[in-house]
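Notes follow the structure.
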Amino acid sequence: MHPERSVLSVPGGRPELFEKALRSDADLVFLDLEDSVVETAKAEARRNVVRAVNELDWRGRPRAVRINAVDSPYCYRDLMDLLEGAGNRIDLIIVPKVERPEQVHALDILLDQLEAAGGIGHRVQLEVQLETASGILHAGSIAGACERLRALVFGPGDYAASVGMPMSAIGMEDEWDAAYGAPRLQYPMHQLLVAARAYGLRAIDGPYADYRDNEGLRRAARRARALGYDGKWCIHPAQIPIVNEVFTPTEAEIAWAKEVLKAYHEAERQRRGALAIGSTMIDAASVRMAESTLSRARAAGR
Ligand code: 1VU
Ligand code: MG
C-alpha cells in the first residue's frame, strides 16, 4: 500500500495551492471541504475539488478528499458531487468527526449505491477521523465497521474541544500539559492505535498548528511514532520533510533489525529459540519487532 508518513491538507477553497501540494514530497495529499472551508464557500470548493480530482496529476498518490461530517448539512452533497463528478478517479474519502459505527455503515451503503449507479469500477476507500469523546469511546466498533476503511486519524484540536481540555493551539503542548504532568493526548491516541491495529488499519496523527516551530513539530511527531503511529498530518509544506524523516526508520534501527534476524536465524539452525547479542536477549518476539521495523522501512522506500 502507498506509504502515509506525511499527509498534507490543502483547503478546497484555495485551488492555487493544489499543484504546489501535489508537487511536494507528501506521501498523501488531500483536498479539504471541511474545516478550512467557510460555509459560504462550500459549493465553490466542491467544484474546485471535483476538477482537481479529474484533471490534476496526483503523481501516483491516491486522489483524496476530506468531506464534511456525516451529521453536517453538507455531507450528502459532498458525496454526490464527488462520486457523480469524479467517481472514476476518486480513491479515498476522509471523513471527519466519526462518532459511531452506524455512521460508517451509512456511508458504506451510500457509496455502494453511488458506485453502482455511476458504473464505477473500483471501491472508494475511507479514512475516518476520531476527534470527539464519542469517537474515541467507540474506536473499536468504528474500526471494524466496514471493509473500505484503511486508517483511523486522530484529531487533537476537536478532541480537546469535545472533552473540555484547555489547549491553546491544535496539537501543541502548553502550560496545561505541565499542570497535568504528562502529555495529555496519550490516552485517546493509544485508544485509537489499539483499535486501528486490532482491525489491521493504519493509525495517523493529526496536525501541529505552528508551521514554523520545527522542534515542537518534531517532538509531537516523535511521540506519535513512539506509540506506533504510521504518519502525521501536515498543514504546511514546510512540515513535510520533518514528518517524513521521523516516520522513516533510521539507518541504526534498520541495521539492528537485520542483525537480529541474522542472529536469530543462525540460532534457529542450531535449534535454539533464545540467544544473546551482547547482553541483549533475542527470541521470536524480537524477530517480530525487527520485521515490523523492516516492513516500515520498505514502505518508506528504504
Ligand atoms: O511560496 P508560495 O507563495 O508559492 O506558496 C506559499 C503557500 O501558498 C504555500 N502553502 C501551501 N501549499 C500547499 N498546501 C498547503 N497546505 C500550503 N500552505 C502553504 O506554501 C508557501 C508558503 O506559505 P506561507 O508560509 O506564506 O503560508 P500561508 O500564510 O500562505 O498559509 C498558512 C496557512 C496555515 C493558512 C496554510 O498553510 C493553510 O491553509 N494550511 C492548510 C490548512 C488546512 O488545510 N486546515 C484543515 C486541516 S487541519 C484540521 O482540520 C485541524 C485539525
Ligand atoms: Mg477536526
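Read the numbers this way: they start at 1 and go in the same order the structure lists the ligands and their atoms.
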Spell out, as yes or no, whether a donor-acceptor pair under 3.5 Å connects the side chain of [X] to the backbone of [Y].
X	Y	result
His138	Glu99	yes
Ser162	Thr132	no
Arg66	Glu34	no
Asp108	Cys146	no

Are [X] and [Y] within salt-bridge range, i.e. N to O under 4.0 Å?
X	Y	answer
Glu245	Arg218	yes
Glu251	Arg302	yes
Asp81	Arg47	no

Side-chain H-bond candidate by donor/acceptor type, Asn244 with Ser6, under 3.5 Å: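 Yes - a donor-acceptor pair under 3.5 Å links their side chains.
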Set of residues that line ligand 1, where lining means a heavy atom lies under 4.0 Å from it: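 Residue list for ligand 1: Leu8, Ser9, Val10, Pro11, Leu17, Lys20, Ala21, Asp32, Ser36, Arg66, Ile170, Pro207, Tyr211, Ile235, His236, Pro237.
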Passing candidate, side-chain contact (heavy atoms from CB on, under 4.5 Å) with Glu268, options His265, Arg272, Glu266: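 Among His265, Arg272, Glu266, the one that satisfies the side-chain contact (heavy atoms from CB on, under 4.5 Å) with Glu268 is His265.
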Metal site the Mg ion (ligand 2), protein N/O/S atoms found under 2.8 Å: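 For the Mg ion (ligand 2), the figure is 2.
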